[in-house]
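Have a look at the structure below, then the notes.
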Amino acid sequence: MLGHLMTDLFNNIPVTDTLTDTLQRPLRDLRISVTDRCNLRCTYCMPREAFGNDHVFLPRAELLSFEEITRLARSFIGLGVHKIRLTGGEPLLRRNIAQLVEMLAKLNTPAGKPVEVTLTTNAVLLSRQAQSLRDAGLARLSVSLDGLSDEVFRRMSDSEVPVKTVLDGIDAALRAGFAPVKVNMVVKRGVNDHEILPMAEHFRGGGIVLRFIEYMDVGSTNGWRMDEVVTAREILERLAARYPLRQVDPNYTGEVAERWRYADGSGEIGVIASITRAFCQTCTRARLSTDGKLYTCLFATDGLDLRTPLRAGATDPALTALIAGRWQQREDRYSQLRQAATTISSSQKKIEMSYIGG
Ligand code: SAM
């Protein structure tokens, strides 16, 4: 329900205290895609067949400007968001991204706490940007890396980038003071699952939290199949056979990664079981696309256009009301529905379409 809409005098942000969706989930996190371009072509995300040389990316005028992003972010913050993650595409390809970090990191929640600004990157360009991102107020960094061998990395990212470039980026992040740095590895059976143990071995004891992600059926271009998913349970079994692990409590309600610690004190790992243990019931995330559409689920098919009213001169309270209205109607729980369906049928595509198509 939408509580009373007020104005936070200090920030001049319209605020409401009790916004929830139809499943009583509050709005807490905002992911902002700052570019639809990427310098890799990971086969499970932006396969070259669909994102080749002839692919038309958004023209510059379609992208939200930093000022527009910041303005919308203020509305989201007034509705309960206290964590913002910059993503993409590859966010480090967006020119002067540190400047956006600085603008967002200055925003406060209605309770007067600074908003936590984080970023997810493939780290190809991180070496030369880590320090300026830190100086701009970036709180945390996640790096995506799917294997340590150049051969596996090249095959998965469909690029000529050597793994060393990414590792250098991670080192630069550690030197800049990010602690811990999270490294996310998407595991695909038969492609990089033999890299699970080498990745664990490499990052143990080094101030890195390695997180293993179940390969997901996002979008419609990656030809996803359930038999290519290595489940979180299997990943944990493989790890635990080598390194005894102890489960750790979540940092906060709704944390997507299940946390485990090496029993010998060499740090922490996580598993993100998006497929086999869906976490829709605690999902508090909204997504803002590069061109300013609000999506309330990673698997949504349509978004609410915020850029048009923004550019047509809508006031802050009007934008806030639009966002609040959409959140109140939110009933997405795609992964839970898919999970229920996979136990009775293997016709993934049909089920996806009938549940979310339109
Ligand atoms: N370019 C940045 C990066 O590489 O981190 C940010 C965008 S990327 C889409 C964000 C994360 O989504 C990456 O960790 C990537 O591996 C993950 N991802 C993309 N497609 C996925 C899929 N089908 N299943 C699981 N994770 C996926």
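Indexing begins at 1, ligand by ligand and atom by atom, following the structure's order. This chain uses plain numbering: 1 for the first residue, then up along the sequence. Everything numeric in this text was worked out from a predicted model, so none of it was measured.
- The atoms of ligand 1 that sit less than 4.0 Å from any heavy atom of Glu214 are 25 (C).
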For residues 48-55, dump all side-chain donor-acceptor pairs below 3.5 Å to protein atoms at least two apart in sequence or in another chain.
residue, atom, partner, partner atom, Å
Arg48, NE, Asp158, OD2, 3.0
Arg48, NH2, Asp158, O, 2.6
His55, ND1, Ala50, O, 3.3

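- Note that atom 12 (O) of ligand 1 has no protein non-hydrogen atoms nearby, at separations under 4.0 angstrom.
- Of all the heavy atoms of Thr121, the ones lying under 4.0 Å from any atom of ligand 1 belong exclusively to the backbone.
- The nearest heavy-atom contact from the protein to atom 20 (N) of ligand 1 is Tyr44 CD1, 3.3 Å.
- Within the cation-pi definition used here (under 6.0 Å to the ring centroid, within 45° of the axis), Arg204 qualifies as a partner of Tyr262.
- Distances below 4.0 Å separate heavy atoms of Cys45 from the following atoms of ligand 1: 9 (C), 19 (C), 20 (N).
- Residue, atom and distance of the protein heavy atom nearest to atom 22 (C) of ligand 1 are Val218 CG2, 3.5 Å.
- Here the CG atom belonging to Leu319 is positioned 10.5 Å from the CD atom belonging to Glu68, to the nearest 0.5 angstrom.
- Among Gly89, Ser144, Ser274, Cys38, the residue whose heavy atom lies closest to atom 4 (O) of ligand 1 is Ser144.
- Protein heavy atoms come within 4.0 Å of atom 26 (N) of ligand 1.
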Can you list the steps and then say if Arg277 with Glu258 is a salt bridge (charged side-chain N to carboxylate O under 4.0 Å, His left out)? CA-CA 10 Å; Arg277 288 198 287 273; Glu258 295 164 29; 2.7 Å; yes
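- Close contacts of ligand 1 with Asn122, meaning ligand atoms under 4.0 Å from a residue heavy atom, involve 2 (C), 3 (C), 4 (O), 5 (O).
- Residue Val218 is grouped with residue Val191 when hydrophobic side chains (ILVMFWY) are merged at heavy-atom distances under 4.5 angstrom, including chains of intermediate members.
- Summary of contacts: the protein heavy atom closest to atom 10 (C) of ligand 1 is Thr120 CG2, 4.1 Å.
- Considering backbone and side-chain atoms alike, Thr87 places every N or O at 3.5 Å or more from each N or O of ligand 1.
- Residues meeting the side chain to side chain donor-acceptor pair (under 3.5 Å) test with Tyr295, sequence neighbours left out: none.
- Ligand 1 has a nitrogen or oxygen under 3.5 angstrom from a nitrogen or oxygen of Met216.
- Considering both main-chain and side-chain atoms, Glu90 comes within under 3.5 Å of ligand 1 through a nitrogen or oxygen pair.
- Listed by atom number, the atoms of ligand 1 under 4.0 Å from Val186 heavy atoms are 16 (O), 25 (C), 26 (N), 27 (C).
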Given Arg25 and Cys280, is the side-chain contact (heavy atoms from CB on, under 4.5 Å) satisfied, shown in steps? CA-CA 9 Å; Arg25 296 168 295 190; Cys280 304; 4.2 Å; yes
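- By the 30° and 60° cut-offs, the orientation of the rings of Tyr215 relative to Trp224 is tilted.
- By the 4.0 Å N-to-carboxylate-O rule, Asp171 lies too far from Arg175 to be salt-bridged with it.
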